[in-house]
Asker: 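Sharing a structure here in structure tokens format.
Every chain is numbered from 1 and lettered A, B, ... according to where its sequence line falls, protein lines coming before strand lines.
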Protein chains: 2
Amino acid sequence: MSEYEHTCMIRGDGGRTIRAILDRICNKWTLLVVATLDQGSLRFTDLHQQVSGISQRMLTLTLRNLERDGLVSRTVHAEVPPRVEYALTPTGKSLIPPALALAGWAIEHIPHIEASREAYETRN
Amino acid sequence: MSEYEHTCMIRGDGGRTIRAILDRICNKWTLLVVATLDQGSLRFTDLHQQVSGISQRMLTLTLRNLERDGLVSRTVHAEVPPRVEYALTPTGKSLIPPALALAGWAIEHIPHIEASREAYETRN
DNA sequence: CTGTATCCGCGTGGATACTG
DNA sequence: CAGTATCCACGCGGATACAG
């Protein structure tokens, strides 16, 4: 039942590797932007509308970090008004499956977690 | 190749579900503690030694949150000196596979990401 | 051994206004 | 259209000391 033989992937190197990836995707918007871009290339304004609640500033910062890490490509078209298209790179696309695994876990277990949380609160 | 039909799991409800789970596991220590507990029940001091770098305060806070969410059980043995055993609940264990998926992705792609990052820096 | 209590620096992210 | 610039509030997490 236990898979402790494999958790060295997480605990290895004192957790630096897993922490590095968590630092990248665990901010408030990254995963949502990546998931939104999975439908294909989008321009800044489209992203701003589809990722509900994100500010211009946060969208810019998130996209810059993703571009810097090679998960998203940014192509500027020499037009007036300017047009900028964002798209997932192969590396970016490869993040989708593990992200879906996590989302699946969340959808399946969050009700139970919420219940446990409420029970814990009222108990104290 | 694209899996955009499925990313609604992530984008659904404006990202609240995925954000809820990320808020839980994306802090600095949670995933490491969970992975460490996958080898079986451990007491406070053992965890403190095995999760290298964590402070008493952070270990306590992390364990309290995990207990509250029903991912970890806490059993106090009436002895002197006190003995407290922490263990994963079934829900807690179920987090391991998706976490491993993420760790696998990290191990596979982090070298490329680091390279992209350095290239981005020197380019600017 | 298993925690609590207190203080504090730092970074994230929100609001708002401005620009090429 | 696609950003930048500035200011600021908040909370995470580290260090340290104390306690049942």
Asker: Once you round it to whole Å, what is the distance between P of D:dA2 and CD of A:Gln49?
Answerer: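 One finds 10 Å between P of D:dA2 and CD of A:Gln49, rounded.
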Asker: For B:Cys26 and A:Pro82, take the nucleotide of DNA chain D holding the closest heavy atom to each; which residue's nucleotide lies nearer the 5' end?
Answerer: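 Closest to the 5' end, via its nearest nucleotide, is A:Pro82.
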Asker: Quick one: bend of the helix from C:dC1-D:dG20 to C:dG20-D:dC1 from 5 pairs per end, to 10°?
Answerer: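 Angle reported: 50°, given to the nearest ten degrees.
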Asker: How long is the straight-line distance from OG1 of A:Thr30 back to CD1 of A:Ile25, given to the nearest 0.5 Å?
Answerer: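 Going from the CD1 atom of A:Ile25 to the OG1 atom of A:Thr30 covers 8.0 Å.
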Asker: Check each of A:Thr89, A:Asp69, A:Thr91 against B:His112 using the side-chain contact (heavy atoms from CB on, under 4.5 Å) test, and report the only one that passes.
Answerer: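 So, applying the side-chain contact (heavy atoms from CB on, under 4.5 Å) to B:His112 and each of A:Thr89, A:Asp69, A:Thr91, only A:Thr91 qualifies.
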Asker: Got a second to check how far A:Ser55's OG is from A:His48's NE2, nearest 0.5 Å?
Answerer: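 Rounded to the nearest 0.5 Å, the OG-NE2 separation comes to 6.5 Å.
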Asker: Measure from the side-chain heavy atoms of B:Pro81 and tell me the nearest of D:dC1, C:dC1, D:dG13.
Answerer: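 The closest nucleotide is C:dC1.
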Asker: Is B:Tyr86 close enough to C:dC1 that one of its side-chain N or O atoms is under 4.0 Å from OP1 or OP2 there?
Answerer: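 No.
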Asker: From the options C:dT4, D:dG3, C:dG13, select the nucleotide whose nearest atom is closest to the side chain of B:Arg64.
Answerer: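 Out of C:dT4, D:dG3, C:dG13, the nucleotide with an atom closest to B:Arg64's side chain is C:dT4.
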Asker: Distance check needed: C:dG13 P versus A:Leu31 CG, whole Å only.
Answerer: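 So the two atoms are 13 Å apart, to the nearest Å.
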Asker: Send over the distance from A:Leu59 CG to C:dA15 C1', rounded to a whole Å.
Answerer: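 In whole Å, C:dA15 C1' and A:Leu59 CG are 16 Å from each other.
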Asker: Within the distance-only criterion (no hydrogens, no angle test), does the side chain of A:Glu108 pair as donor or acceptor with the backbone N or O of A:Trp105 below 3.5 angstrom?
Answerer: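 No, A:Glu108 side chain to A:Trp105 backbone: no donor-acceptor pair under 3.5 Å.
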Asker: Separation of B:Arg57 atom CZ from C:dC8 atom P, in whole Å?
Answerer: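 Checked: the CZ to P distance equals 14 Å.
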Asker: May I have the distance from B:Arg19 (atom CZ) to C:dG13 (atom C1'), rounded to whole angstrom?
Answerer: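 After rounding, the reported distance stands at 12 Å.
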Asker: Report yes or no: does A:Arg83 contribute a side-chain atom to a donor-acceptor pair with the main-chain N or O of A:Ala78 at less than 3.5 Å?
Answerer: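 No: the side chain of A:Arg83 does not pair with the backbone of A:Ala78.
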Asker: Should A:Arg43 be listed as having a side-chain N or O under 4.0 Å from OP1 or OP2 of D:dC1?
Answerer: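 Indeed not, no polar side-chain atom of A:Arg43 lies that close.
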Asker: On DNA chain C, does the nearest nucleotide to B:Asp46 precede the nearest nucleotide to A:Ser55 from the 5' side, or the other way round? Give the residue.
Answerer: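 That would be B:Asp46.
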Asker: Could you tell me how far apart B:Arg74 (CZ) and C:dC1 (P) are, to the nearest whole angstrom?
Answerer: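 To the nearest whole Å, that distance equals 16 Å.
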Asker: Counting side-chain heavy atoms from C-beta on, which of D:dG3, D:dG20, D:dG13 comes nearest to B:Met58?
Answerer: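 Output: D:dG13.
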Asker: So, is A:Arg83 near the phosphate of D:dG3, with a side-chain N or O under 4.0 Å from OP1 or OP2?
Answerer: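 Result: no.
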Asker: To the nearest Å, give me how far apart CD (A:Gln56) and P (C:dG13) are.
Answerer: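 In whole Å, C:dG13 P lies 17 Å from A:Gln56 CD.
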Asker: Ignoring hydrogens and angles, state whether a donor on the side chain of B:Thr75 or B:Glu85 is under 3.5 Å from an acceptor on the partner side chain.
Answerer: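 On atom types as modelled, these side chains do not qualify, holding no pair under 3.5 Å.
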Asker: It should be established whether B:Thr45 places a side-chain nitrogen or oxygen under 4.0 Å from OP1 or OP2 of nucleotide C:dT2.
Answerer: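 So the side chain of B:Thr45 is within the cut-off, an N or O lying under 4.0 Å from OP1 or OP2 of C:dT2.
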Asker: Is any side-chain N of the basic residue among B:Glu114 and A:Arg68 closer than 4.0 Å to the acidic one's carboxylate O?
Answerer: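 So B:Glu114 does not pair with A:Arg68 through a salt bridge.
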Asker: Expressed as a whole number of angstroms, how long is the span from A:Ile54:CD1 to C:dA15:P?
Answerer: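 In whole Å, C:dA15 P and A:Ile54 CD1 are 12 Å from each other.
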